[in-house]
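Protein chains get the first letters and strands the later ones, always in sequence-line order, with residue 1 at the start of each.
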Amino acid sequence: MKNKDLYIYNSLSRKKEKFEPLNPPFVGLYVCGPTVYSPPHLGNVRTFLSFDIVNRYLLYLGYKVRYVRNITDVGHITNSEGEDIDRIGEQAKKENLEPMEIVQKYTLDFHEVTHIFNMLPPDIEPTATGHVVEQIEMVQRIIDNGYAYVKNYSVYFDIPKFVKDHSYGELSGQNIEEQLEGHRELDAQNEKQDARDFAIWKYADKTHPMRWNSPWGEGVPGWHLECSVMSTKYLGQKFDIHGGGMDLKFPHHECEIAQSIGADGSAPVRYWMHGNMLTMNGQKMSKSLGNSVLPRELITGDHDLLEQGYSPMSIRFFMLQAHYTSTLDLSNEALKAAEKGYKRLMEALKTLENLDLREAKSLSDADQKVNDSIDMAFAELNDDFNTPKALARLFELVTVINSYKDKREEYAGVSKATMERLQKDFRDLVIDILGLQEETAGEDGTMDGLMQLIIDIRQNARTNKDWTTSDLIRDKLNELELQLKDGKDGTTWTKL
RNA sequence: GGUCGCGUGGCCGAGCGGUUAGGCAGGGCUCUGCAAAAGCUCGUACAGCGGUUCAAAUCCGCUCGCGACCUCCA
């Protein structure tokens with residue numbers, strides 16, 4: 001019986017709350033996806049990985065999850081600082097392509113990256129361009145309710161008007177009055193009545209290839225609008241979980257809330273979850289700061305700040321060693337440590353699966369210990385998806401499993417039932433929930449066969465005390481990054 | 001200036017009032033033809049200063065340092 005006593009840290013209440021789905025066994029999960037105008041960097045990967053764990057664990061608990069993650073394929077026009085930047089359009093010019101070619105190219109790239117890191121795909125992956133009609137309708141509803149005004153073919157959300165009837169800024173803890181003070185002065189060409197207002201429909205002239213017709217003229221929908229529209233369209237007016245990076249809390253998520261209330265009278269999200277940032281040398285990794293590392297660079301090691309490449313699963317393990325609400329700093333030393341830890345964990349899994357089940361003499365403390373560690377691992381996950389603590393529990397089990405390997409302890413009196421449970425749950429935790437997978441070359445059986453042959457030949461040499469030959473084989477294999485491990489039961493090998 | 005968060009042993013990183021986090025690195029031992037792997041084992045810690053408490057890394061206050069958001073950003 002799975003323990004569904006899950007607690008989630010809700011950014012809105014700033015407390016851990018017991019997770020009770022609105023319509024069990026169904027769970028609606030929405031995560032803000034990427035804007036596809038450039039390859040995703042590692043910071044993006046971390047956020048999507050965090051929610052991959054959420055998705056996986058909810059599935060494991062038996063919920064019927066509908067996981068929606070959007071693709072932002074409209075280059076939103078920013079109007080701060082007098083600039084008009086449409087990132088997708090800009091990139092299209094730079095690469096001499098159509099905007100939709102840019103969108104396609106980087107969407108494919110994004111999918112490839114999520115696949116490399118073994119993330120489960122969302123159940124629905126809606127695009128902003130595919131929901132322009134719905135967005136226009138939502139803008140109209142907001143206007144009809146009096147919370148937006150039209151200015152020069154653009155439509156703005158009217159914050160001062162909105163705050164008369166509703167609260168604004170609750171999620172991010174923004175004080176609406178003070179926020180105004182902190183704002184820069186509205187410049188002359190700014191059409192907004194108030195600095196805090198934001199565009200829900202933005203006029204676009206002929207220089208923007210990507211634009212749509214609307215009751216207010218040609219233009220593009222506001223950035224915040226797409227998430228409001230697509231989340232509620234597929235998950236309902238009110239749904240369970242909405243996630244995204246910490247940096248989207250304000251203004252993006254705050255605006256989403258205001259829009260939904262403005263259009264339909266109610267806040268849509270029950271649990272807000274925010275993943276923290278990945279930092280590099282103590283600073284947030286971001287494209288604009290120029291300190292971003294691309295997944296490919298990290299994997300190949302082709303980056304000035306990297307000493308070597310790291311496998312996707314090592315990177316995944318590295319990220320799982322920190323809680324998703326904490327910042328995580330990327331460094332060579334930490335990555336190397338993670339790489340070794342990951343390999344040890346996977347080795348233990350392999351060892352475990354090759355153990356023969358047998359009836360133990362008697363139940364003992366060891367039995368209890370194994371069951372406790374397993375129970376605790378799940379308890380940690382129930383505590384706001386605490387993957388670092390769950391991993392700590394798994395490593396307790398690694399030690400136990402390794403002690404069985406040489407049969408030194410005759411499974412230390414662990415009962416057959418416990419062993420069966422260990423084999424099943426350990427695998428579920430590592431493979432299904434944490435989403436770690438085997439990385440060993442993945443060839444056909446040839447490699448295994450060859451290695452077994454070499455191991456046999458070397459064993460012959462060893463039996464004849466021909467150390468020269470046996471050491472030669474071992475050392476040469478080492479040069480090929482293949483490691484032999486001599487155990488009580490014979491020799492095994494791994495790729496380094 | 002406003003909002004929020006962080007500062008833990010050589011490194012990464014949990015913990016959020018009393019009990020071993022864990023990974024990596026380092027020391028010792030066992031096993032081994034030698035080594036590796038594996039097992040056992042050891043060490044060093046909570047930025048600083050006050051306060052609350054029988055008891056504080058954990059709560060409160062101050063100081064110092066760092067970061068995020070307030071503008072596109074996962």
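Closest to the side chain of Phe395(A), from the set A74(B), C12(B), G22(B), is G22(B). Closest approach to the Leu278(A) side chain among A74(B), G13(B), G22(B) is made by A74(B) (side chain taken as heavy atoms from C-beta onward). With G15(B), C70(B), G23(B) as the choices, the nucleotide that has an atom nearest any side-chain atom of Pro251(A) turns out to be C70(B). Distances were taken from every side-chain heavy atom of Ser470(A) (C-beta onward) to each of A14(B), A68(B), G33(B); the shortest belongs to G33(B). The side chain of Gln483(A) lies closest to A36(B), out of A36(B), A74(B), G23(B). The side chain of Arg87(A) lies closest to C72(B) when the candidates are C72(B), A14(B), A35(B). Nearest to the side-chain atoms of Arg14(A) among the listed nucleotides C69(B), C4(B), G22(B) stands C4(B). Residue Arg462(A) has its side chain nearest to U32(B) when only A74(B), U32(B), G23(B) are considered. When distances run from any side-chain atom of Lys284(A) to the nucleotides A68(B), C24(B), G15(B), the shortest one goes to A68(B). Taking every side-chain heavy atom of Phe250(A) into account, C70(B) is the closest of G33(B), C70(B), G39(B).
Residue Thr279(A) is classed as having no contact, given no heavy-atom separation below 4.0 Å to the nucleic acid. Residue contacts shown for Gly43(A) include a base, since a base heavy atom lies under 4.0 Å away. Residue contacts for Ala337(A): at a heavy-atom cut-off of 4.0 Å it reaches a base atom on one of the strands shown.
Applying the Watson-Crick and G-U wobble criteria (two distances, each under 3.5 Å), C40(B) pairs with G28(B). Using the Watson-Crick or G-U wobble rule with both distances under 3.5 Å, A14(B) pairs with nothing in any strand shown. With a 3.5 Å ceiling on both atom-pair distances, U20(B) lacks any Watson-Crick or G-U wobble partner. In this structure, U53(B) forms no base pair with any nucleotide, since neither Watson-Crick nor G-U wobble geometry is met with both distances under 3.5 Å. When both distances must be under 3.5 Å, the Watson-Crick or G-U wobble mate of G67(B) is C4(B).
Rounded to whole Å, the separation between the C1' atoms of C46(B) and C34(B) comes to 43 Å. Here, A45(B) and C62(B) have their C1' atoms 23 Å apart, quoted to the whole Å. Atom P of U20(B) sits at a distance of 26 Å from the matching atom of G27(B), rounded to the whole Å. Rounded to whole Å, the C1' atom of G18(B) lies 30 Å from the corresponding atom of C4(B). The same atom, P, is picked in U44(B) and in C16(B); the two are 23 Å apart, to the nearest Å. Nucleotides G5(B) and G9(B) place their P atoms 23 Å apart, quoted to the nearest Å. For the C1' atoms, the distance linking U8(B) with C40(B) amounts to 27 Å, nearest Å. Of the P atoms belonging to U71(B) and U19(B), the separation is 45 Å, rounded to the nearest Å.
Protein atom OH of Tyr342(A) is 15 Å distant from nucleotide atom P of C24(B), rounded to whole Å. Rounded to whole angstrom, the span from the NE2 atom of His323(A) across to the C1' atom of G15(B) amounts to 12 Å. For the pair Met280(A) CE and C12(B) P, the interatomic distance rounds to 14 Å; values are reported in whole Å. Rounded to whole angstrom, the span from the OH atom of Tyr168(A) across to the C1' atom of C70(B) amounts to 10 Å. In this entry the distance linking CE of Met376(A) with C1' of G15(B) reads 12 Å, nearest Å. Straight-line distance from the CZ atom of Arg196(A) to the C1' atom of C70(B): 13 Å, rounded to whole Å. As rounded to whole Å, 8 Å separates atom P of C24(B) from atom NZ of Lys340(A). Atom CE of Met119(A) and atom P of A74(B) are 14 Å apart (whole Å).
Residue-to-nucleotide proximity on RNA chain B shows that, of Glu333(A) and Asp486(A), the 5′-proximal contact is made by Glu333(A). Residues Lys249(A) and Val45(A) each lie close to RNA chain B; by heavy-atom proximity, the contact nearer the 5' end of the strand is made by Lys249(A).
Here Trp467(A) lies parallel enough and close enough to stack on the base of G33(B), with planes under 30° and ring centres under 5.5 Å apart.
Looking only at distances, no side-chain donor or acceptor of Asn55(A) sits under 3.5 Å from a matching main-chain atom of Phe51(A). Between the side chain of Asn386(A) and the backbone N or O of Glu380(A), no donor-acceptor pair lies under 3.5 Å. Looking only at distances, no side-chain donor or acceptor of Asn276(A) sits under 3.5 Å from a matching main-chain atom of Tyr324(A).
Between Leu294(A) and Leu298(A) there is no side-chain heavy-atom pair separated by less than 4.5 Å.
Checking the phosphate oxygens (OP1, OP2) of C24(B), a side-chain nitrogen or oxygen of Arg344(A) falls inside 4.0 Å. OP1 and OP2 of U32(B) both lie 4.0 Å or more from every side-chain N or O belonging to Lys485(A). Considering only side-chain N and O atoms, Lys336(A) lies nowhere under 4.0 angstrom from the phosphate OP1 or OP2 of C11(B). The side chain of Ser286(A) places no N or O atom within less than 4.0 Å of a non-bridging phosphate oxygen (OP1 or OP2) of A74(B).
A centroid separation of 6.0 Å or more is found between the aromatic rings of His242(A) and Tyr271(A). Taking the ring centroids of Phe110(A) and Phe48(A), they lie under the 6.0 Å cut-off.
Side-chain contact check for Thr129(A) and Asp73(A): at least one donor-acceptor pair (N or O, by modelled atom type) lies under 3.5 Å.
Applying the 3.5 Å distance criterion, the base of A68(B) shares no donor-acceptor pair with the side chain of Asn276(A). Put simply, the side chain of Arg474(A) and the base of A35(B) share a donor and an acceptor less than 3.5 Å apart. With hydrogens and angles left out, the side chain of Asp471(A) and the base of G33(B) share a donor-acceptor pair within 3.5 Å.
Between Asn10(A) and the options His274(A), Lys15(A), Glu17(A), a side-chain hydrogen bond (donor to acceptor under 3.5 Å, both in side chains) holds for only Glu17(A). Paired with Arg458(A) under the rule side-chain hydrogen bond (donor to acceptor under 3.5 Å, both in side chains), one option of Asp466(A), Asp486(A), Thr463(A) passes, and it is Asp486(A).
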